Amino acid sequence: MSLGDEWRKRDRRVLWHPFTQHNLWEREEFPVIERGEGVYLYALDGNKYIDGVSSLWVSAHGHNHPVLNQAIMVQLSRIAHSTFLGLSHRPGIELAEELIRIAPERLSRVFYSENGASAVEIALKIAFQYWQQKGEKQRNKFICFENAYHGDTVGAMSLSAVSIFNQIYKPLMFEVLRAPTPVCHRCPEEKSCKDQEWECFAKLKEIVDKHNLEIAGIFIEPMVQCAGGMIIQPKGYLKALETLCREYGILFIADEVAVGLGRLGKMFASELGFVQPDILVLGKALGAGYLPIAATLTTEEIFSAFLGKHHSDKTFFHGHTYTANPLACAVAIAGLKLMKDEKRLDNVQARAKQIEKWVPKFNQLETVFRFSHLGLLAGIELMKDKTTLEEFPAEEMIGFQVARAARKRGAILRPLGNVVVLMPPLIISESELDELMEITFESIKDVSKGRDTALPVQMNNKK
Ligand code: PMP
């Protein structure tokens with residue numbers, strides 16, 4: 001038995017993996033990752049893979065970066081953990097200072113957590129409590145978008161669109177007002193919008209007009225709905241949304257867990273859309289691909305609504321045991337410094353232009369229906385027959401088949417349904433990106449030629 005087989009056997013005996021159907025996991029030759037270096041992952045079997053999804057969109061600076069390793073070691077020699085409830089520490093303070101320095105202007109307070117879903121829940125609870133304490137108790141509804149994804153906890157699921165992944169929990173979720181997402185390539189109105197007169201925006205405005213003073217906030221994944229299939233918003237949409245929010249006094253809540261911190265070629269997606277959120281949510285790349293940390297940033301106006309006379313007056317009673325873990329804060333500070341020192345944004349912009357050059361080649365493939373990209377992210381939507389818009393049936397798990405073919409060719413991809421996702425580390429070089437694009441192209445070609453009819457391993461491939 002090979003080393004890889006031995007560890008796979010041990011895994012199958014005791015583990016329960018996220019988003020995984022274990023009956024199928026039994027038969028899957030999943031790589032057991034041993035180490036990483038730059039954009040590459042190395043498995044126990046001796047195989048080397050280019051990390052095409054930055055280990056679930058987190059590993060901005062690549063694996064085993066000496067500066068990040070050092071930042072953790074220095075902090076480790078001081079203290080690994082100390083609570084943020086009743087105490088404070090330098091890395092927690094320094095990270096918040098840096099986030100406030102670089103974040104969109106109006107944001108001035110940082111509340112830490114450990115993952116995107118928790119940071120979204122915190123935004124939700126803060127927004128709700130804010131209006132309760134401002135004396136506008138009727139503002140208790142949230143507008144969210146179709147196709148949205150904000151995480152897997154019950155509050156974050158309620159904000160997310162109903163899908164095969166969460167529908168079973170529907171009785172546990174609270175109601176939200178659901179607005180149509182601008183999905184221009186599949187507009188149900190079948191019109192191309194001139195002068196930013198989007199039909200979907202008019203529908204959103206109807207909801208706002210109808211519920212007006214009942215609305216606490218709008219949650220949006222600014223610029224791109226990532227987990228929903230890499231759906232890019234039309235130019236000007238975010239700004240129009242912000243204007244609407246200001247007009248009606250609705251809190252504008254930007255979930256930048258996936259798109260924040262350089263992924264789109266600017267530090268924040270809000271910057272790209274010229275908007276100033278009231279609440280901004282960060283996660284994923286904040287921990288530099290090393291340790292779990294997330295943050296919910298708010299304005300001073302929101303923060304001051306929580307100032308009370310005594311402990312139980314207006315306090316935000318929320319916190320997790322490992323909130324602001326010092327090791328995670330230390331690596332996050334080092335990651336933000338690397339963004340600047342190693343000119344990450346310049347690389348993202350150069351690589352984005354490189355992706356652009358590949359688009360016509362992909363579009364020639366029979367099964368490629370849409371190639372959406374912005375900064376260093378791309379979604380390639382596959383379709384059985386793009387002339388008749390016939391979809392691949394979900395059971396065929398075409399995206400997963402491409403990921404499996406890519407693995408054989410030396411790249412790790414993780415699709416979203418029929419959309420092949422590319423989210424490589426922000427450090428990726430020109431030649432490494434060409435390698436990833438070539439593997440992806442050939443894998444889509446392989447799968448389009450002779451589709452693998454064996455059942456794929458993961459029934460669900462969200463995230
Ligand atoms: N919000 C967005 C926009 C996301 O893309 C994700 C994860 N894909 C989350 C929230 C949830 O983050 P986490 O998986 O860290 O809970």
Side-chain angles (χ1 to χ4, degrees), residues 17-20 52-60 111-125 127 142 144-161 163 165-166 169 173 176 181 217-233 238 252-264 268-270 272-273 277 279-297 320 322-323 325 328 332 335 372 374-379 399 413-417 419 421-423 458 460-463:
H17 284 262
F19 282 84
T20 300
V53 287
S54 304
S55 295
L56 240 334
W57 318 351
V58 298
S59 184
F111 195 101
Y112 291 119
S113 53
E114 298 82 42
N115 57 71
S118 297
V120 165
E121 296 271 355
I122 289 162
L124 171 71
K125 286 174 68 177
F142 288 90
C144 306
F145 289 89
E146 282 166 6
N147 207 42
Y149 180 76
H150 297 286
D152 293 338
T153 52
V154 176
M157 274 198 304
S158 306
L159 303 174
S160 306
S163 68
F165 306 104
N166 63 18
Y169 309 110
M173 298 184 206
V176 299
T181 309
I218 290 188
F219 275 84
I220 185 158
E221 297 159 79
M223 300 307 292
V224 190
Q225 277 190 330
C226 289
M230 302 295 159
I231 309 293
I232 299 173
Q233 289 143 25
L238 261 193
F252 184 94
I253 306 167
D255 177 354
E256 296 214 18
V257 168
V259 290
L261 304 175
R263 175 60 58 187
L264 304 184
F268 299 94
S270 297
L272 208 58
I279 302 182
L280 182 125
V281 186
L282 296 172
K284 291 207 183 263
L286 183 59
Y290 272 60
L291 288 166
I293 182 160
T296 307
L297 278 60
H320 302 279
Y322 275 96
T323 292
N325 170 258
S372 302
L374 188 62
L376 204 34
L377 66 76
L413 301 181
R414 188 165 175 83
L416 295 158
V419 180
V421 171
L422 297 174
M423 278 259 203
Q458 305 217 4
N460 307 333
N461 48 11
K462 196 97 178 169
K463 290 193 118 186

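Numbering of ligands and ligand atoms starts at 1, following listing order. Remember, predicted model here, so these are calculated numbers, not experimental data.
- With a 4.0 Å cut-off on non-hydrogen atoms, Cys226 does not touch ligand 1 at all.
- For the pairing with Lys284, the side chain to side chain contact (heavy atoms under 4.5 Å, CB included) check across Val259, Leu261, Val257 returns one residue only, Val257.
- The distance from ligand 1 to the heavy atoms of Ala117 drops below 4.0 Å at these ligand atoms: 11 (C), 12 (O), 13 (P), 16 (O).
- Considering backbone and side-chain N/O atoms, Ala258 never comes within less than 3.5 Å of an N/O atom of ligand 1.
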Verdict with supporting geometry, Leu56 and Arg414, side chain to side chain contact (heavy atoms under 4.5 Å, CB included):
CA-CA 8 Å; Leu56 240 334; Arg414 188 165 175 83; 4.1 Å; yes

Apply side chain to side chain contact (heavy atoms under 4.5 Å, CB included) to the pair Cys226 and Met423, showing each step before the final yes or no.
CA-CA 10 Å; Cys226 289; Met423 278 259 203; 4.0 Å; yes

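- Residues Val176 and Phe142 share a closest heavy-atom pair of CB-O, 3.5 Å.
- Between Trp57 and ligand 1, a contact under 3.5 Å exists for no N or O pair.
- Not one N or O of Val120 is nearer than 3.5 Å to an N or O of ligand 1, by distance alone.
- Close contacts between ligand 1 and Gly116 involve ligand atoms 11 (C), 12 (O), 13 (P), 15 (O), 16 (O) [criterion: under 4.0 Å to a heavy atom].
- Atoms of ligand 1 lying under 4.0 Å from any heavy atom of Asp255, numbered from 1 in the order shown and given with element: 1 (N), 2 (C), 3 (C), 10 (C).
- Distances from atom 10 (C) of ligand 1 to the heavy atoms of Lys284, His150, Glu221, Glu256 put His150 nearest.
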Test side chain to side chain contact (heavy atoms under 4.5 Å, CB included) applied to Leu374 and Leu272, step by step
CA-CA 11 Å; Leu374 188 62; Leu272 208 58; 4.2 Å; yes

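- Considering every non-hydrogen atom in both Arg263 and Leu376, the closest pair reads NH1-O, 2.6 Å.
- Atom numbering of ligand 1 starts at 1 in the shown order; those under 4.0 Å from a heavy atom of Asn115 are 15 (O), 16 (O).
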Step by step, work out the side chain to side chain contact (heavy atoms under 4.5 Å, CB included) result for Thr323 and Glu114.
CA-CA 7 Å; Thr323 292; Glu114 298 82 42; 3.6 Å; yes

